[in-house]
There are 2 protein chains.
Amino acid sequence: MKAILASTSTLHNQDYLEYLIPHLPVLYKNIEEIVFVPYARPGGISHDEYTSKAAEAFGKAGIRVKGIHEFETPVKAIQDAKGIFTGGGNTFLLVSELYRNKVMNVIKEVVKNGTPYMGTSAGTNIGGLSMKTTNDMPIVYPPSFQTLGLVPFNINPHYLDPDPNSEHKGETRETRIKEFHGLNSQPVIGLREGSWLELDDNKVTLKGELKARLFKKDKLPFEIETGTDLTDLN
Amino acid sequence: MKAILASTSTLHNQDYLEYLIPHLPVLYKNIEEIVFVPYARPGGISHDEYTSKAAEAFGKAGIRVKGIHEFETPVKAIQDAKGIFTGGGNTFLLVSELYRNKVMNVIKEVVKNGTPYMGTSAGTNIGGLSMKTTNDMPIVYPPSFQTLGLVPFNINPHYLDPDPNSEHKGETRETRIKEFHGLNSQPVIGLREGSWLELDDNKVTLKGELKARLFKKDKLPFEIETGTDLTDLN
């Protein structure tokens with residue numbers, strides 16, 4: 001496998017995908033065109049609008065982008081893809097559409113067989129075993145919460161540390177993940193913005209400048225340094 | 001119908017249910033004991049622990065509390081209940097357990113026939129048409145997102161205004177609700193902490209000191225004053 005699973009698409013005061021562009025020619029080596037999955041539709045934008053946005057960013061790395069919806073069938077688009085990028089937005093919508101278009105398992109298969117994959121936000125969330133640690137609103141009912149399982153654990157993108165000054169009584173991210181572990185056993189990695197997981201062959205490494213927060217069932221959460229090998233985390 | 005659907009159980013620097021206790025003898029008039037639904041298990045606490053917590057608060061209003069899990073069957077507990085209170089926690093877990101125990105429709109029926117109901121947070125979320133505007137993490141896969149529909153719209157509890165100083169790139173609550181309206185047509189009321197909906201006969205009124213924020217499909221969101229009649233909002 002070759003993949004980048006990034007917490008976010010956009011860092012504060014940067015353009016869309018700006019901090020990831022230098023890594024695209026490495027991930028998508030010698031690839032002229034990739035297939036973009038716009039199903040998560042952030043803010044409800046259309047598949048075409050979202051694909052244009054991805055194409056503009058990938059253009060800076062000399063890579064062309066075609067939306068999965070522009071092909072005759074989504075399954076054939078993925079089967080023939082030289083590389084795949086799944087953008088962020090709403091994870092419930094993304095997962096619903098991947099199942100409805102019968103491509104969830106096809107993406108899993110081609111990526112496990114070597115097709116390079118990048119995800120940001122919702123596109124990263126589905127790289128884990130399930131979407132049960134998404135932060136998104138359940139605006140649509142998907143047929144399952146199971147996702148790609150490119151890594152043997154769950155991912156919480158846009159991980160946010162508790163605000164010690166908050167008077168708001170909604171649950172903190174840490175409380176939510178603790179509730180997840182009341183019903184599920186796999187570890188969860190909280191990826192802060194600017195962090196990503198790099199999958200190279202079967203090695204999984206934490207990348208970016210920040211630490212990540214690791215949550216294991218019945219254990220206190222702890223910080224891990226960038227560069228940490230997470231291949232055997234399960 | 002007689003119901004209180006409250007955004008939160010606990011205000012900053014107050015005890016559990018403290019601000020709602022003066023309203024309990026009105027809602028549960030002449031009722032000595034109510035049935036508590038602890039299924040949402042905040043922070044993963046047990047049904048017994050959670051029921052004790054509710055009993056302590058209700059005790060201050062002279063009302064006894066028995067957990068739904070303490071009865072022979074959950075269905076009979078609800079059918080015979082003089083009053084019902086559903087506490088907060090994780091909405092996905094609450095809805096899963098309500099369906100698994102076959103009480104979702106029974107609660108709907110008895111409340112529509114006059115059994116007084118109070119919900120806080122997740123217990124309020126299910127008072128709307130669906131749980132699709134919950135803020136919670138999908139830690140378990142429920143058989144449906146449809147809920148009680150005591151009001152003809154959706155509710156977003158713990159409504160949080162966007163933080164103008166935030167550099168975090170996760171979606172704001174307003175963006176999430178806009179995404180909801182890309183796929184769903186019913187209005188959504190964002191209830192700030194300390195606000196609640198009062199249902200009296202078939203009249204629905206916004207209560208508490210704060211305004212609420214109302215979201216309608218394809219319209220700009222707007223503020224509504226406390227005291228506003230929401231009976232015909234749909």
Side-chain angles (χ1 to χ4, degrees), chain A residues 7-14 40-45 88-93 95-96 120-122 130-146 156-161 163 166-171 173 175-184 188 192-194, chain B residues 7-14 40-45 88-93 95-96 120-121 130-146 156-161 163 166-171 173-184 188 192-194:
Chain A
S7 173
T8 191
S9 62
T10 314
L11 293 180
H12 187 63
N13 287 332
Q14 284 197 8
R41 300 181 58 189
I45 63 169
N90 185 286
T91 309
F92 290 86
L93 180 56
V95 168
S96 294
T120 55
S121 190
S130 79
M131 57 164 288
K132 290 183 181 174
T133 48
T134 179
N135 312 305
D136 294 339
M137 195 169 259
I139 60 172
V140 60
Y141 184 69
S144 167
F145 285 166
Q146 294 309 111
N156 180 248
H158 300 287
Y159 181 74
L160 199 56
D161 293 291
D163 174 359
S166 175
E167 300 184 354
H168 189 257
K169 292 293 178 178
E171 293 86 354
R173 196 67 60 81
T175 303
R176 291 170 197 273
I177 297 173
K178 188 182 169 196
E179 288 175 354
F180 169 82
H181 276 140
L183 299 166
N184 301 271
V188 180
R192 297 186 176 92
E193 297 191 334
Chain B
S7 174
T8 191
S9 61
T10 315
L11 293 180
H12 187 62
N13 287 333
Q14 285 197 5
R41 301 180 59 189
I45 62 170
N90 184 287
T91 310
F92 291 86
L93 179 56
V95 168
S96 295
T120 55
S121 190
S130 79
M131 58 165 287
K132 290 183 181 176
T133 48
T134 177
N135 312 305
D136 294 340
M137 197 171 258
I139 60 174
V140 62
Y141 184 69
S144 168
F145 284 165
Q146 294 309 110
N156 180 249
H158 300 288
Y159 180 73
L160 198 57
D161 293 290
D163 175 358
S166 175
E167 301 184 354
H168 188 257
K169 292 293 179 179
E171 293 85 355
R173 195 66 60 81
E174 199 158 311
T175 302
R176 292 170 197 275
I177 296 172
K178 188 182 166 197
E179 289 174 354
F180 170 82
H181 276 140
L183 299 167
N184 302 272
V188 179
R192 297 187 177 91
E193 298 189 333

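Predicted model only: the values in this text are computed from it and were never measured. Just so it is clear: chains get the letters A, B, ... in the order the sequence lines come, proteins before strands, and each one is counted from 1.
With chain B as the partner, the residue from Gly44(A), Pro143(A), Gly89(A) showing the most heavy-atom pairs under 4.5 Å is Pro143(A). Comparing Thr175(A), Leu93(A), Asp136(A) by how many heavy-atom pairs each has under 4.5 Å with chain B, the most go to Asp136(A). Between chain A and the options Gly43(B), Ser7(B), Ser9(B), Gly88(B), heavy-atom pairs under 4.5 Å are most frequent for Gly43(B). Considering only heavy-atom pairs separated by less than 4.5 Å from chain B, the leading option among Lys178(A), Arg176(A), Arg192(A) is Arg176(A). The residue among Met131(A), His181(A), Arg41(A), Glu179(A) with the most heavy atom pairs within less than 4.5 Å of chain B is Glu179(A).
When side chains are defined from C-beta on, Ser130(A) does not count as touching Tyr141(B), because their heavy atoms never get closer than 4.5 Å. Here the side chains of Met137(A) and Thr134(B) are not in contact, with every heavy-atom distance at 4.5 Å or above.
Between Phe145(A) and Phe92(B), the ring planes lie perpendicular to each other; the angle is over 60°, past the 30° to 60° tilted range.
With a threshold of 4.5 angstrom between heavy atoms, Asn135(B) approaches chain A through its backbone and through its side chain. Only the backbone of Ser144(A) comes within contact range of chain B, with heavy atoms under 4.5 Å apart. Pro157(A) does not touch chain B: none of its heavy atoms, backbone or side chain, sits under 4.5 Å away.
Ile139(B) and Asn184(A) get closest at one heavy-atom pair: O-ND2, 3.0 Å.
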